[in-house]
Amino acid sequence: MTNHWIDLQHSDCLLIQGSNCAENHPIAFKWVMKAKERGAKLIHVDPRFTRTSAKADFYAPIRSGTDIAFLGGMIKYIIENEKYFKEYVVNYTNAPFMVNDKFDFNDGLFSGYDPGTRKYDKATWTIKKDDKGIAEKDPTLQNPRCVFQLLKKHYSRYDMDTVSKITGTPVKDLQTVYEMYSATGVPDKAGTMMYALGQTQHTSGVQNIRTMCMIQLLLGNMGICGGGINAMRGEPNVQGSTDFAILSDILPGYLAAPRASLPTLDDYLKKNTPKSSDPRSANWLQNYPKYTVSLLKAWYGDKANKDNDFGYSLVPKLDDGQNCTILNMIDNMYEKKIKGLIVIAQNPACSLPNANKVRPAFTNLDWMVHVNIFDNETSSFWKGPGMDPKKIKTEVFLLPAAASVEKQGSQTNSGRWVQWKYEAAKAPGDCIYTGDIVIRLVSKLKELYKKETGAFPDPIINLTWDYTDDKGRFDPVKVAKTINGYFLEDVTIADKTYKKGECIPSFAMLQADGKTSSGCWISCGSFAQDGTNLMARRKKDDPTGLGLYPQWSWAWPVNRRIIYNRASVDLNGKPYNPKRPLLAWVDGKWVGDVPDGPWPPMSDLEKGKYPFIMKPDGVSSLFGPGLGDGPFPEHYEPLEGPMEKNPLSSQLKNPVMKIFSGPCDLFAGCDPKYPFVMTTYSSTEHWCSGAMTRWQSWLTEAQPQVYVEVSEELAQLRGIKNGDKVKVESARGSLPCVAMVTTRLRPFNCGGQTIHLVGMTYNYGWLFPEDSGDSCNFLTPTAGDANTMTPEYKAFMVNVVKI
Amino acid sequence: MALTRRRFLAGSGALIGGLALSSLGIDLSPVIAYAEEMKKIDKVKSAKETLSVCCYCSVGCGLICSTDTKTGNIINIEGDPEHPVSEGTLCAKGAGIFQTTSANEHRLTKVLYRAPKSDKWQVKTWDWAITEIAKRIKKTRDAGFIAKNSKGEVVNRIENIAHMGSSNIDNEECWLTTAMVRSLGLVFIDHQARV
């Protein structure tokens, strides 16, 4: 979230699209209701009428997988009806920037596409620079080659009739949503956009979010109180686990994973450190070398020094273009290339798409290590349906872990608040902290690699591993301080001297010469210089009156509660909305939230800086060349969809997404055998694959077994009554379940074509309770987002028959 | 003054006197339930309070855990009224979080091992498991280590071990996990951020 949960109350219009907030983030929804009490409008856009819809001022149905068409239509509406916040757009976005003359878009494809490799050469997706290297601009926004005019042209094709044909949303509903939401494009109104997996888990998931961001920029809603783009994250610490990079493509703090073509630290830093020639751009990430070297110091301590590139060679390198994300991981397991698997607190047998590929892939493993508080369908895969244990060689180590309330440590919520929690009881039996398991395992490996010969032992032997207390147990405080970072020598910065061993109070003090360490630069400042744990704070002072609670826990970055907050003020530093002043330049200093950098506002032509300090140009990107599938989001149909043609272009599917082609990778779009769109979601009472909640009687009593929701119209078509047993089938698998006939789903009218949509929760598995049914992921496809490879769980094709 | 739930239950002690009414054929189960609730409250009053955070959706609601000082077991978990986001409230899952504690008979409490082609778990010790897992990791890693790629570039990685998880562990555990898998040379690393 750019903002935080409490801030939702300050919004004047809340658009929830791709989330059922009322049921899946119920306590957060309280803040949505507080906004409504203040007179805010709530809009819900979703394929299904949920409890969120029931509380909305306006509900608009949408066929799953068509969000870019819906939101692209809103961009057209905002521009053509001049609803955008012009001063903000001109000064704080790249709307006035001139684009490369050779950049082009034609019939669904941008310039540079190679159908052979299914990739773009992005050479023409650039901004024109003058001889000083500064972007050429047209502040009148009239030049046909400026970003604004290209944006206008791109979305001119998204008229409401065309959008309605794609989305199945009636034109009058589109009109209502566009009008209601674009009313926030004035200085004293705030609109917020809230989403969850309903936006991200698509083959165009990243571009879905980008379209939302672009609307927020056009309306001047980014960086302000009551605004922002707010991802409601679905796991207790998925913010933290992402910050700390349990991912193939990044290192802690969103630093890039090293690549094979970057053999030295210098090569790596040259490639990844952004440059700007514009003296008015803060270009904050010019500090990349400081963050990288400090991370290497945290990992390798004295073994990381100038002479050995700070241990850069110890970090594994991916080949250029190599993608090791989850779908490719399963593919490699299915192909018998992966022999060992470590799973911590996850249930991929139920939660990954295409279970008929995932579960057999596990049988190819020599060994699996699984850490959890309950047994689940992954650890017990060898005795699951269709498995013959006598034929499965895989050794499984199932390790009992302490539960959340039995552990001290920190957890990061969606609003980036890092909250400290304490151990309420010793974990039962032989259960120990996951941290203890990792510590024991690495300690044993260090011992083995010291004792015996082995491949490249250096990164294991040299890894700093001093995280236990005097009883030899995992010490979360020691690790947390390492993450924050230390001064490794006395360092003087701006006349102030910091002593060796003191905690780094802010990432602004990190150094690239090895004198500081930090396990994750964005966490710098979670401890005060004197070692006080700021994540444990519980003071409720509220100096701005906006509910920022700056002394409750600690938020990254540098306790900033709303990021990009310099965009909430005008060029003179005066709040655009005087009723909710998040930040103000008063008597030569900033008052309010922690500002996005200390510099004066932009009217100071000498020292003032542009507001979006993380972007090399200092402004936000309406034209965004960073993504693989286009600088402007474009609507394409899901991999499996009901439409034979895309009304917007002859490009039916996302042109750069990976198409898997193994024996289990079966797809059937526009196939009469699978005529219905299906989507998946969760329930209030269960959590994710149900691996924790199905073992809890209070919750399973409320939601005991797997079901499919079908509309009354579809039920009539298939002769299904509420409570009947049915079978749901896709090209990849089938699943028996109970039918729930409901008015919450309605058929869509997409340009005269009637499209039925059905939905299932993904909360079930065969292990427990015995009669609860199995996972809906027998049906989902092996397909992923074109940029992130996040699987497509939300739009694919099935059939439903009575059994 | 607003009547809190605790205060109401404390004031309803007079109901216990109604137990004698059972002989008159009156259903006393609600009365017994109240009495049980009161016993629990007495226990909670003398328990040690520990602050925690909910383990589900990332709203990050505050929890107060009550631990019986004699047994060391958690006996109650409720919302933290001081927490500025949740203000004492919890959803169905959060309110039921007590069932993730040792009170749940389904919790794993032993190290379990499934041998190749076996149809059952065997109970093992931590020392045995850590040693055997480390041996497996080393053997697989040493066999699959890739020093250079096909272009001859130094990569120092392994592709025959993969790691998943987790967003269900604390930050400090996440950071250690990342350090472990990178130092081993793993590149197939992913977790719930995508699923």
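If you're wondering where the values come from, they're calculated on a predicted model, not measured in any experiment.
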Please classify the contact of A:S443 with chain B as side chain, backbone, both or neither, using a heavy-atom distance under 4.5 Å. neither
Looking only at side chains, do B:T100 and A:W695 share a donor and an acceptor under 3.5 Å apart? no
Tell me yes or no: between the side chains of B:E153 and A:S261, is some donor less than 3.5 Å from an acceptor? no
Let me know if B:T89 has heavy atoms under 4.5 Å from chain A in its side chain, its backbone, both or neither. both
Any donor and acceptor pair, going by atom type alone, linking the side chain of A:Q419 with main-chain N or O of B:G60 inside 3.5 Å? yes
Contacts under 3.5 angstrom, residues 177-188 of chain B side chains, donor-acceptor by atom type, not counting sequence neighbours:
{"residue": "B:T177", "atom": "OG1", "partner": "B:E173", "partner atom": "O", "Å": "2.7"}
{"residue": "B:T178", "atom": "OG1", "partner": "A:F244", "partner atom": "O", "Å": "2.6"}
{"residue": "B:T178", "atom": "OG1", "partner": "A:A245", "partner atom": "O", "Å": "3.4"}
{"residue": "B:T178", "atom": "OG1", "partner": "B:C174", "partner atom": "O", "Å": "3.2"}
{"residue": "B:R182", "atom": "NH2", "partner": "A:L247", "partner atom": "O", "Å": "2.4"}
{"residue": "B:R182", "atom": "NH2", "partner": "A:I250", "partner atom": "O", "Å": "2.5"}
{"residue": "B:S183", "atom": "OG", "partner": "B:A179", "partner atom": "O", "Å": "3.2"}
{"residue": "B:S183", "atom": "OG", "partner": "B:M180", "partner atom": "O", "Å": "2.9"}

Proximity breakdown for B:L63 and chain A, heavy-atom pairs closer than 4.5 Å: side chain
So, B:W121 side chain and A:S380 main chain: donor-acceptor pair closer than 3.5 Å or not? no
Flag, side chain of B:T109 to backbone of A:G429, donor-acceptor distance under 3.5 Å: no
Considering only heavy atoms, which portion of B:I77 lies under 4.5 Å from any heavy atom of chain A: side chain, backbone, both, or neither? side chain
Answer with side chain, backbone, both or neither: which region of B:Q122 has an atom nearer than 4.5 Å to a non-hydrogen atom of chain A? neither
Does A:K30 use its side chain to pair, donor to acceptor, with the backbone of B:S86 at less than 3.5 Å? yes
Given side chain to side chain contact (heavy atoms under 4.5 Å, CB included), test A:E235 with B:S58 step by step and report yes or no. CA-CA 5 Å; A:E235 302 255 343; B:S58 96; 5.9 Å; no
Can you say whether A:K337 sits under 4.5 Å from chain B via the side chain, the backbone, both, or neither, judging by heavy atoms? backbone
Greater than 12 external heavy atoms within 6.0 Å of A:K393's NZ: yes
Between B:K93 (side chain only) and A:T693 (backbone N and O only), is there a donor and an acceptor less than 3.5 Å apart? no
Atom group of B:A147 that falls short of 4.5 Å from chain A, counting heavy atoms: neither
Step by step, work out the side chain to side chain contact (heavy atoms under 4.5 Å, CB included) result for A:Y433 and B:I169. CA-CA 9 Å; A:Y433 279 54; B:I169 52 176; over 6 Å; no
Chain A contact via B:D119 - which portion, at a heavy-atom distance below 4.5 Å: both
Under 3.5 Å, is there a donor on one side chain and an acceptor on the other for A:N237 and B:N168? no
Heavy-atom proximity to chain A below 4.5 Å, by part of B:C54: backbone
Donor + acceptor pair across side chains of A:T325, B:D190 (<3.5 Å): no
Is it true that A:K444 and B:D127 have a side-chain N and a carboxylate O under 4.0 angstrom from each other? no
Heavy-atom contact with chain B under 4.5 Å, split by part of A:W552: side chain
Interface moiety of A:E447 toward chain B, non-hydrogen atoms closer than 4.5 Å: neither
Does the pair A:Q696 and B:F98 meet the rule for a side chain to side chain contact (heavy atoms under 4.5 Å, CB included), with working shown? CA-CA 9 Å; A:Q696 300 179 43; B:F98 176 68; over 6 Å; no
Where does A:Q239 contact chain B at under 4.5 Å (heavy atoms): side chain, backbone, both or neither? neither
Sidechain-backbone polar pair: B:N156 side chain, A:P316 backbone, donor-acceptor under 3.5 Å: no
Main chain of A:A455, side chain of B:R141: is a donor-acceptor contact present, judged purely on distance under 3.5 Å? yes
A:D319 bridged to B:R157 by N-O distance under 4.0 Å: yes
Can you say whether A:E406 sits under 4.5 Å from chain B via the side chain, the backbone, both, or neither, judging by heavy atoms? side chain
Hey, what do you get for CD1 (A:I338) to CD1 (B:I161), rounding to the nearest 0.5 Å? 10.0 Å
Residues in salt bridge (charged side-chain N to carboxylate O under 4.0 Å, His left out) with B:E132, at least two apart? B:K135, B:R136
For B:R107 and A:A427, indicate whether the former's side chain and the latter's backbone hold a donor-acceptor pair under 3.5 Å. no
With no hydrogens and no angle check, do the side chains of A:N24 and B:Y56 hold a donor and an acceptor under 3.5 Å apart? no
Which bit of B:K148 is near chain A, if near means a heavy-atom gap under 4.5 Å: side chain, backbone, both or neither? neither
Residues B:D170 and A:K421 bridged, charged N to O under 4.0 Å: yes
Between A:M692 and chain B, which part of the residue has a heavy atom less than 4.5 Å away: side chain, backbone, both or neither? side chain
What part of A:W698 lies closer than 4.5 angstrom to a heavy atom of chain B: side chain, backbone, both or neither? both
